[in-house]
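Remarks on the structure that follows.
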Amino acid sequence: MARKILCVAEKPAIARAVATHLSGGSFQTHAIRGNPYVKNYEFNFNFGGSWGDCTVTMTSVIGHLTGLDFERQYKGWMSCPPSALFEAPVHEDVDKDKLPIAENIRTQAQYSKALFIWTDCDREGEHIGAEVRNQAKNGNARIEVKRAKFSNTERAHVLQAARQPVELDEYQANAVAARIELDLRIGAAFTRLQTLQLQAVVSVLKDKIISYGSCQFPTLGFVVDRYLRVQNFKPETFWAIKVTLKREGKTVNFLWRRVHLFDRAAVTMMLERCLIAKEARVTKVNKKPKSKWRPLPLTTVDLQMMGSRFLRMDSQTIMKIAEGLYTKGYISYPRTETDQFDKAIDLKKLVEKQFPDSAWGQYARDLIDGKFRTPRSGRNNDQAHPPIHPVAWVSPNQLNANEKKVYEFVARRFLACCSEDAKGQGTEIEIKYGDEFFHANGLIVLERNYLDVYVYDKWESSQQLPNFEKDETFQPTEANISEGKTTAPNYLTEPELIGLMDANGIGTDATMAEHIAKVKDREYVVPNKRGTGRNAVEELIPTRLGIALVEGYDNVVAGLPNSISLSKPFLRKEMELRMLEICAGTKSRQDVVQQSLDMYREVFIHTQRRIEMLKVACRKYLVEEAA
DNA sequence: GCAAGGTC
């Protein structure tokens, strides 16, 4: 009888896809007791190497199996001073709703020679793999443990991964374990401290949970930071010289090289010199081909940012819809940082699937008839998932309005990636008038290419410029001074916030939208609609509580050396760097946990000592509101 | 009653 190999993926969809490829489509499906989503797939497969011909059970978990929590005597909020949570004993347990899944793995492990882990090849996946390993070892202490290295579920790629098992990366699993412990201890300690202290200060806070998290606070910080810049903005008047010329029935506006100055007298003098000179001379006539690049393959962050901008949905809604489309098999996995397509993916086949569409099917056909181009490659690869792309065509009348919008965006973006850049001709005219230089730019779009399918990008032919010869002189039709005022920045929008979070390493592609929802839910931030109709944008404004917390914490650390406010992203960034050190093997999990706890403990002690700063800020912003 | 990270 052949030996048995137990394969475990991170989610049911991957288990099914891998089972389909390894079995060539013929496998038996068994439900498991206690969970409707997880299935066991059974089939035969020849792994080659030392395993050879085997029977296989392919199953999955559903994300992490376990959670970390404090021992029972520390769970009550009054059971200990919040500072004790930095050292309180913690234990890791299988989540209650995951018990049947863990049981399934233990049972299956008993009959298996080896455990073959198929979790995503990212840091969290490595930790989930370790959780799976622990369960399997509970069922069968002598089980051999391997993991598959794969980054998508394309058939050839999966088959190759199956025949080249590697080892689980203990370092990465440890880095995640450190992150989990730090988030729990720091989050719980600060949340209890500030909730218990501030609830008593103002009546409006009496029943509120005032949570702290290493991601939610920097998220709040970005919103408050922009809000304060808007509030503190003082407009300044500036002046500029504007030169126009009417020729061949066209009006050319020349822009000043200095753009504008804040000194009216100086600008007046400069204009006078222009007028005295009378004639302007053409110093440059540049004609050069210009192109507008097609977009990069689609990542989660980009989907959320572009989605908020063009589809008018908030990032959480977009993700929910994208997940639905994924589960139904219309698009690929929507949580990815990868903006480069693997060579193994047959992109043309995916393009062909879009032929039936009445809106962009013809465009897809044109691609296959010769216009297809290999997509650009971005710099990011999470080694776990391909960029987001359509995997099957779906008739629009099978989708609701929002689903239609998101699917259409994913499809058009994918086709745009496989297209040629847009081509045009740019003209730049520079003139010298008096002592000043001015320029005018023109653009003619020659080939729209990807713009025809990617309706979200605009690249218009600006007015065609009349002809100019280098060194010719002319008398401008008009030259005068224009006045303007600097304008305040706008409040932060959700796509901007996601961009800031991404750049500062706050949250992951899968969680950024959740953190934004969390700060809204905690009433630190409220959304507000700016503008009307098609131009409406949702902007984020901090509440009085949100402002009070940031101001309070900034005051707590003000004047202290090396203490960085909790409202800033730096502490979280430092934690991230230490996790990378664990991954590189240069630091141990214990060292990082201790070092990071020391860092946060210092801020915690300052906060306790100067808690009055937080209370003062809450009274300042919240008392009159309560009255 | 606290976090952030997986995923349904």
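Just so we're on the same page: letters track the sequence lines, and every chain starts at 1.
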**Report entry** Distance, rounded to the nearest Å, where E124(A) contributes CD and dA4(B) contributes C1'
**Finding:** 8 Å
Query raised in the report: Think R522(A) has a side-chain N or O under 4.0 angstrom from the OP1 or OP2 of dA3(B)?
Result: yes
Requested in this report: Name the nucleic acid region contacted by A189(A), choosing base, sugar-phosphate or nothing; use a 4.0 angstrom heavy-atom cut-off, strictly under.
Outcome: nothing
Query raised in the report: Where the side chain of N138(A) meets the backbone of R106(A), is there a donor-acceptor pair that is under 3.5 Å apart?
Result: no
Requested in this report: Look at the side chain of R335(A) and decide which nucleotide, out of dA3(B), dT7(B), dG5(B), has an atom nearest to it.
Outcome: dT7(B)
Requested in this report: Looking at every strand, decide which applies to T119(A) at a 4.0 Å heavy-atom threshold: base, sugar-phosphate, or nothing.
Outcome: nothing
Report task. State which of dG1(B), dT7(B), dG6(B) makes the closest approach to the side chain of I209(A). Result -> dG1(B)
Query raised in the report: So what does H127(A) touch, heavy atoms closer than 4.0 Å: a base, only the sugar-phosphate, or nothing?
Result: nothing
**Report entry** Among dA3(B), dT7(B), dC2(B), the one nearest A188(A) by side-chain distance
**Finding:** dC2(B)
Query - Value in whole Å for how far the P atom of dG6(B) lies from CD of Q172(A) - result: 13 Å
Query raised in the report: Of the non-hydrogen atoms in T191(A) and T195(A), which two are nearest, and what is the gap between them?
Result: O-OG1, 2.6 Å
Requested in this report: Starting from P on dG6(B), measure out to CG on D95(A) and report it in whole angstrom.
Outcome: 15 Å
Query raised in the report: Quick check: does any side chain N or O of R601(A) sit under 3.5 Å from a backbone N or O of S83(A), one acting as donor and the other as acceptor?
Result: no
Query - Sequence neighbours excluded, every pair satisfying ring pair (Phe, Tyr, Trp, His ring centres under 6.0 Å) that has a member inside residues 197-217 of chain A - result: F190(A)-Y212(A), Y212(A)-F217(A), F217(A)-Y553(A)
Requested in this report: Look at H64(A) and dA4(B) and indicate whether a side-chain polar atom (N or O) is within less than 4.0 Å of OP1 or OP2.
Outcome: no
Report task. Tell me what F217(A) touches on the nucleic acid: a base, only sugar-phosphate, or nothing, going by heavy atoms under 4.0 Å. Result -> nothing
Report summary line: In numerical order, the residues of residues 7-22 of chain A whose heavy atoms come under 4.0 Å of DNA chain B are E10(A), K11(A), P12(A)
Query raised in the report: So, is T511(A) near the phosphate of dG5(B), with a side-chain N or O under 4.0 Å from OP1 or OP2?
Result: yes
Query raised in the report: CG of L566(A) versus P of dC2(B): gap in Å, rounded?
Result: 19 Å
Requested in this report: Could you check whether G213(A) gets within reach of a base, just the sugar-phosphate, or nothing at all, counting any heavy atom under 4.0 Å?
Outcome: sugar-phosphate
**Report entry** Distance in angstrom units between D97(A) CG and dG6(B) C1', rounded
**Finding:** 12 Å
Requested in this report: Using atom CD of E181(A) as one end and atom P of dC2(B) as the other, report the distance to the nearest whole Å.
Outcome: 20 Å
**Report entry** Touch class at under 4.0 angstrom, heavy-atom based, for R123(A) against every strand present
**Finding:** nothing
Report task. Looking at every strand, decide which applies to K98(A) at a 4.0 Å heavy-atom threshold: base, sugar-phosphate, or nothing. Result -> base
Requested in this report: Using a 4.0 Å heavy-atom cut-off across all strands, classify E131(A) as base, sugar-phosphate, or nothing.
Outcome: nothing
Query raised in the report: If you check the F70(A) side chain, which of dC2(B), dG1(B), dT7(B) turns out closest?
Result: dC2(B)
Query raised in the report: With a 4.0 Å cut-off on heavy atoms, is F190(A) in touch with a base, just the backbone sugar-phosphate, or nothing at all?
Result: nothing
Report task. Tell me whether W77(A) is stacked on the nucleobase of dG1(B), counting only the six-membered base ring and applying the 5.5 Å and 30° thresholds. Result -> yes
Report task. Take the protein atom CG of D69(A) and the nucleotide atom C1' of dA4(B), then report the distance between them rounded to whole Å. Result -> 13 Å
Query raised in the report: Contact class for G507(A) vs. all strands (heavy atom < 4.0 Å): base, sugar-phosphate, or nothing?
Result: sugar-phosphate
Query raised in the report: When we call it a touch if two heavy atoms are under 4.0 Å apart, what does L68(A) touch: a base, just sugar-phosphate, or nothing?
Result: base
**Report entry** Results of side chain to side chain donor-acceptor pair (under 3.5 Å) for N152(A) - residues two or more places apart only
**Finding:** none
Report task. Could you check whether R185(A) gets within reach of a base, just the sugar-phosphate, or nothing at all, counting any heavy atom under 4.0 Å? Result -> nothing
Query raised in the report: Looking just at side-chain N and O atoms, do D314(A) and T317(A) make a donor-acceptor pair shorter than 3.5 Å?
Result: yes
Report task. Specify the residue among K75(A) and E514(A) whose closest nucleotide of DNA chain B lies further upstream toward the 5′ end. Result -> K75(A)
Report task. Report yes or no: do E103(A) and T107(A) form a side-chain donor-acceptor pair below 3.5 Å? Result -> yes
Query raised in the report: Which part of the nucleic acid, if any, lies within reach of T327(A) when heavy atoms closer than 4.0 Å are counted: base, sugar-phosphate only, or nothing?
Result: nothing
Query raised in the report: When the nearest nucleotide of DNA chain B is assigned to S211(A) and to L65(A) on a heavy-atom basis, which residue is associated with the more 5' position?
Result: S211(A)
Requested in this report: For R179(A) and dG6(B), give me the distance from atom CZ to atom C1', rounded to whole Å.
Outcome: 9 Å
Query raised in the report: Does a donor on one side chain sit under 3.5 Å from an acceptor on the other, for E131(A) and T66(A)?
Result: yes
Query - Lys/Arg cation over aromatic F27(A): K39(A), 6.0 Å, 45° cone - result: no
Query raised in the report: Are S214(A) and D183(A) linked by a side-chain donor-acceptor pair shorter than 3.5 Å?
Result: yes
Query raised in the report: Within less than 4.0 Å of OP1 or OP2 of dG1(B), is there a side-chain N or O belonging to T191(A)?
Result: no
**Report entry** Short side-chain N/O contact to dT7(B) OP1/OP2 from Y326(A), under 4.0 Å
**Finding:** no
